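Working notes, structure below.
Every value quoted in this text rests on a predicted model; they were computed, and no experiment measured them.
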Amino acid sequence: MSAHGTPIPMTAHRSGPLKGEAHVPGDKSISHRSLILGAMAVGETHITGLLEGQDVIDTGRAMRAFGAEVTDHGQGVWTVQGVGVGGFGEPDNVIDCGNSGTGVRLIMGAMATSAITATFTGDASLNKRPMARVTDPLALFGTQSHGRTGGRLPMTLIGARDPLPVRYTVPVPSAQVKSAVLLAGLNAPGETVVIEREATRDHSERMLAGFGAVISTEVTDQGRVITLQGQPELKPQTIVVPRDPSSAAFPVCAALVVEGSDVLVPNIGLNPTRAGLFTTLQDMGADLTFENLREEGGEPVADLRARFSPDMKGIEVPPERAASMIDEYPVLSVVAAFATGDTVMRGVKELRVKESDRIDAMASGLRANGVAVQEGEDWWIVTGGGPGSVAGGETVQSHLDHRIAMSFLILGMAAQKPVSVDDGGPIATSFPIFEPLMSALGARIERTET
């Protein structure tokens, strides 16, 4: 079933040309961080363009539970009256983070060095996901955690009463882990240092600096060394959230595989730690162009134009690019099914511990719909037969995963026969306007309430 209710089966039919502008929601990563950092600032932070998906709404609810005044003014405009670094109060009830691994891990970091106790839970999918990757480094500050076997939710965190600054090397590329440690370091004295061997999305570093934290990044032989000075007074900000490149991936990729399509996706954030998919698509021969390049709020932004691309070729995606496009591999594998030859994706073990095991979910669903796939522990290969080559005709499981559901609906728009997903409900966690947006472009998506 979906994250917050009855399953919503959906079917995508072969579509005519997709045309028009796709105004996708605000960036989810920046939306989460805007609410959390706003709650840790002193004064009122004003946010426009906030993603109003369930994941972000759950984070806003959590910030209220910790004592911040969070107000939804409508149309993506929110304000947060913060309580300051170390000012969180103890929640009266369990914090339910729904389906959001980003939300729960960042919130754990934000509260970990305050002398309070909080219990976290989520939906069936989130409660299966490992939290030790965050609670282990938080323990170095003095935080205690008590969860289910395997370090899973529900979990209670007891914040460090006398936190210590830490120096931590992130063992696998993870912006969530890095960000959790940096947020915890805000209320620890002295310098907290995070070292990452491979660069991950750097929204936390950019936004911490914007809120007035003293933070620096140095590239060394060890990797990126990020140093944060603890116990600042964060200053409230006015934030304009750019549109989410991970959401933009779906109308962009649909346009590339549906014959005759020409779609413009305005105001997309092109932070280099997030834009790996678009580079990869261009490497495959996609007709993808960037228009009106500019900078907004310290983030690079552009309008993306995507046109039907019948001559795309399979490539080997550089493994070092994985961190900049980790959430986009599912929909990339759909594009690969309509390219010619092998698209090889390596160094992607992280996909096995997302909202679902995304390698297994995509491999199984693609095979069911007539696409040749090979897979291993941290890789998979999709062999495409070119435009019109995917048979389709099957129903696949979404595994409570919004990106799996949307990816297979994109597949159905260009397959010979319709493709169905057992539950499209989780799409609302990140892209609540997915159906009307795609329908306005010309896609044929149906839902059947059960």
Task: Lys/Arg N to Asp/Glu carboxylate O, K28 vs D244, below 4.0 Å - done: no

TODO: Kindly say whether V348 contributes a backbone atom to a donor-acceptor pair with the side chain of D378 at under 3.5 angstrom?
DONE: no

Task: Salt-bridge criterion met for R274 and D27 (N-O under 4.0 Å) - done: yes

TODO: In plain terms, say whether R321 and E198 are close enough for a salt bridge, that is, a side-chain N and a carboxylate O under 4.0 Å apart.
DONE: no

Open item on the list: Are the side chains of E69 and T71 in contact, using a 4.5 Å heavy-atom criterion?
Closed with: yes

- [ ] Decide side chain to side chain donor-acceptor pair (under 3.5 Å) for T79 and H73; before the verdict, give the C-alpha distance in whole Å, the side-chain angles of both, and the deciding distance to 0.1 Å.
- [x] CA-CA 8 Å; T79 55; H73 299 278; 2.8 Å; yes

- [ ] Kindly compute the distance separating CG (L409) from CD1 (I445), expressed to the nearest 0.5 Å.
- [x] 5.5 Å

Open item on the list: Can a donor-acceptor pair be found, under 3.5 Å and without considering hydrogens, that links the side chain of T143 to the backbone of A139?
Closed with: no

Task: NZ/NE/NH1/NH2 to OD/OE distance under 4.0 Å, R307 and D287 - done: yes

Task: Inter-residue atom distance L304.CG - N292.CG, 0.5 Å rounding - done: 11.5 Å

Task: Salt-bridge contact R447-E435 (side-chain N to carboxylate O under 4.0 Å) - done: yes

- [ ] Side-chain contact test, heavy atoms from C-beta onward, threshold under 4.5 Å: evaluate it for V166 versus V193 and give yes or no.
- [x] no

Open item on the list: With a 3.5 Å distance limit and no angle check, can you tell me whether S333 reaches the backbone of P330 through a side-chain donor-acceptor pair?
Closed with: yes

- [ ] Report yes or no: does S324 contribute a side-chain atom to a donor-acceptor pair with the main-chain N or O of T273 at less than 3.5 Å?
- [x] no

Task: Check ion pair D303-R294 (N to O, under 4.0 angstrom) - done: yes

- [ ] Working to the nearest 0.5 Å, report the span between CG of N93 and OG1 of T121.
- [x] 12.5 Å

TODO: Go through the steps to decide whether T429 and Q54 satisfy the test side chain to side chain donor-acceptor pair (under 3.5 Å), and finish with yes or no.
DONE: CA-CA 4 Å; T429 65; Q54 191 60 49; over 6 Å; no

Task: 4.5 Å side-chain heavy-atom contact, L186 and L208 - done: yes

Task: Interatomic spacing from CZ in R201 to CE in M325 - rounded to 0.5 Å - done: 12.0 Å

Task: Under-4.0 Å salt bridge between E355 and R403 - done: no

Open item on the list: Please tell me whether E328 and S246 have a donor and an acceptor in their side chains that are separated by less than 3.5 angstrom.
Closed with: yes

TODO: Walk me through it: do R224 and E218 pass the test salt bridge (Lys or Arg N to Asp or Glu O under 4.0 Å)?
DONE: CA-CA 6 Å; R224 295 176 77 244; E218 182 182 5; over 6 Å; no

- [ ] Fit a plane to each ring of F120 and F66, take the angle between them on a 0 to 90° scale, and name the class: parallel (under 30°), tilted (30 to 60°) or perpendicular (over 60°).
- [x] tilted

Open item on the list: Closer than 3.5 angstrom, by distance alone: can the side chain of R444 be matched with the main-chain N or O of H13 as a donor-acceptor pair?
Closed with: no

Task: Side chain S309, main chain M312, donor-acceptor under 3.5 Å - done: no

Task: Salt-bridge present (E191, R167; N to O < 4.0 Å) - done: no

Task: Rounded distance [0.5 Å steps], CD in Q397 versus CG in D360 - done: 9.5 Å

Open item on the list: Would you say E205 and H203 are linked by a side-chain donor-acceptor pair, where the criterion is simply a distance under 3.5 Å?
Closed with: no

Open item on the list: Are the side chains of F338 and L411 in contact, using a 4.5 Å heavy-atom criterion?
Closed with: yes

Task: Residue pair V241 / L51, side-chain heavy-atom distance below 4.5 Å - done: no

Task: N/O donor-acceptor pair under 3.5 Å between R33 side chain and S29 backbone - done: yes

- [ ] Please answer whether the main-chain N or O of N99 pairs with a side-chain N or O of S125 as donor and acceptor at a distance below 3.5 Å.
- [x] no

- [ ] Could you tell me whether the side chain of R148 and the main chain of L153 form a donor-acceptor pair under 3.5 Å?
- [x] yes

Open item on the list: Could you check whether K19 pairs with D262 (Lys NZ or Arg NE/NH1/NH2 to Asp/Glu carboxylate O, under 4.0 Å)?
Closed with: no

Task: CD1-CG distance between I239 and L37, expressed to the nearest 0.5 angstrom - done: 7.5 Å

TODO: Look at the aromatic rings of F431 and F250 and report parallel, tilted or perpendicular, splitting at 30° and 60°.
DONE: tilted

TODO: Using a strict cut-off of less than 4.0 Å between a Lys/Arg side-chain nitrogen and an Asp/Glu carboxylate oxygen, indicate whether D327 and R358 qualify as a salt bridge.
DONE: yes

Open item on the list: For H32, is there any backbone N or O sitting under 3.5 Å from a side-chain donor or acceptor partner on T59?
Closed with: no

Task: I158 and H146, any side-chain heavy atoms less than 4.5 Å apart - done: yes

